[in-house]
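In what follows, a single structure is set out as structure tokens and then discussed.
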Amino acid sequence: MPGVTLLGDAAHLMCPSGEGANLAMYDGAELGNAIAAHPDDTEAALAAYEEALFPRSAATAEEASRVHKLCLDDNAPHSLVRFFTNHGQAG
Ligand SMILES: Cc1cc2nc3c(=O)[nH]c(=O)nc-3n(C[C@H](O)[C@H](O)[C@H](O)COP(=O)(O)OP(=O)(O)OC[C@H]3O[C@@H](n4cnc5c(N)ncnc54)[C@H](O)[C@@H]3O)c2cc1C
């Protein structure tokens with residue numbers, strides 16, 4: 001829809017992992033940058049913003065899902081303890 005975009009949870013709702021608010025604020029900053037870079041072309045600004053938005057949020061959603069499983073899977077809390085013991089190297 002022309003002239004409309006989404007950011008934060010509205011664009012990429014994800015499980016609680018400690019990244020949702022960070023990502024929402026980052027989206028806002030990137031949207032502001034895109035508008036400033038295309039002051040006379042809103043559609044170009046939104047297209048540039050959205051081109052980076054979706055891959056960025058997909059990557060974070062994958063990581064969020066991994067952390068969520070560590071917290072709640074059948075091996076929890078041992079899987080989460082192992083994650084911290086290994087400094088995040090193993091899931
Ligand atoms: C249990 C839990 C724990 C979390 N822990 C963390 C954490 O530790 N770290 C972290 O980074 N993130 C965390 N998150 C995620 C984080 O809270 C969200 O990703 C973040 O708040 C998203 O911000 P937002 O501005 O996109 O949406 P929101 O914060 O949901 O803001 C949307 C706003 O729009 C308002 N609204 C809705 N509909 C309308 C309407 N029709 N008209 C007007 N206003 C409307 C709502 O009332 C709300 O104030 C957690 C989430 C949950 C559920």
Side-chain angles (χ1 to χ4, degrees):
M1 183 184 296
V4 174
T5 194
L6 297 171
L7 68 162
D9 278 11
H12 43 67
L13 185 63
M14 65 183 74
C15 53
S17 68
E19 286 298 331
N22 293 331
L23 206 54
M25 290 189 288
Y26 193 89
D27 289 350
E30 287 297 278
L31 179 56
N33 283 337
I35 292 169
H38 303 86
D40 301 319
D41 189 346
T42 303
E43 290 313 310
L46 299 187
Y49 161 72
E50 289 171 1
E51 190 179 343
L53 166 76
F54 294 115
R56 177 172 70 240
S57 53
T60 305
E62 278 177 27
E63 177 64 14
S65 175
R66 194 168 80 91
V67 171
H68 198 246
K69 283 184 190 140
L70 289 176
C71 295
L72 298 176
D73 71 9
D74 289 343
N75 297 318
H78 305 293
S79 45
L80 188 60
V81 170
R82 196 163 48 245
F83 173 79
F84 284 118
T85 304
N86 294 341
H87 307 288
Q89 295 304 308

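One-based numbering, in listed order, for ligands and for the atoms of each.
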(request) List, ordered by chain and residue number, the protein residues whose closest non-hydrogen atom lies under 4.0 Å from any atom of ligand 1. (result) Gly8, Asp9, Pro16, Gly18, Glu19, Gly20, Ala21, Asn22, Ala24
(request) Kindly state each residue pair satisfying side-chain hydrogen bond (donor to acceptor under 3.5 Å, both in side chains) with at least one member in residues 54-65, sequence neighbours excluded. (result) Asp27-Arg56, Glu63-Arg66
(request) For residues Glu19 and Val67, determine if any side-chain heavy atom of one lies less than 4.5 Å from a side-chain heavy atom of the other. (result) no
(message) To the nearest 0.5 Å, what is the distance between CG on Asn75 and NZ on Lys69?
(response) 13.0 Å
(request) Enter the distance from His12:NE2 to Leu6:CG here, rounded to the nearest 0.5 Å. (result) 9.0 Å
(message) Taking transitive links into account, so neighbours of neighbours count too, which hydrophobic residues share a cluster with Leu46 at under 4.5 Å side-chain distance?
(response) Leu7, Leu31, Ile35, Tyr49, Leu53, Phe54
(request) Only counting residues at least two apart or in another chain, list the ones meeting side-chain hydrogen bond (donor to acceptor under 3.5 Å, both in side chains) with Asn33. (result) Glu30
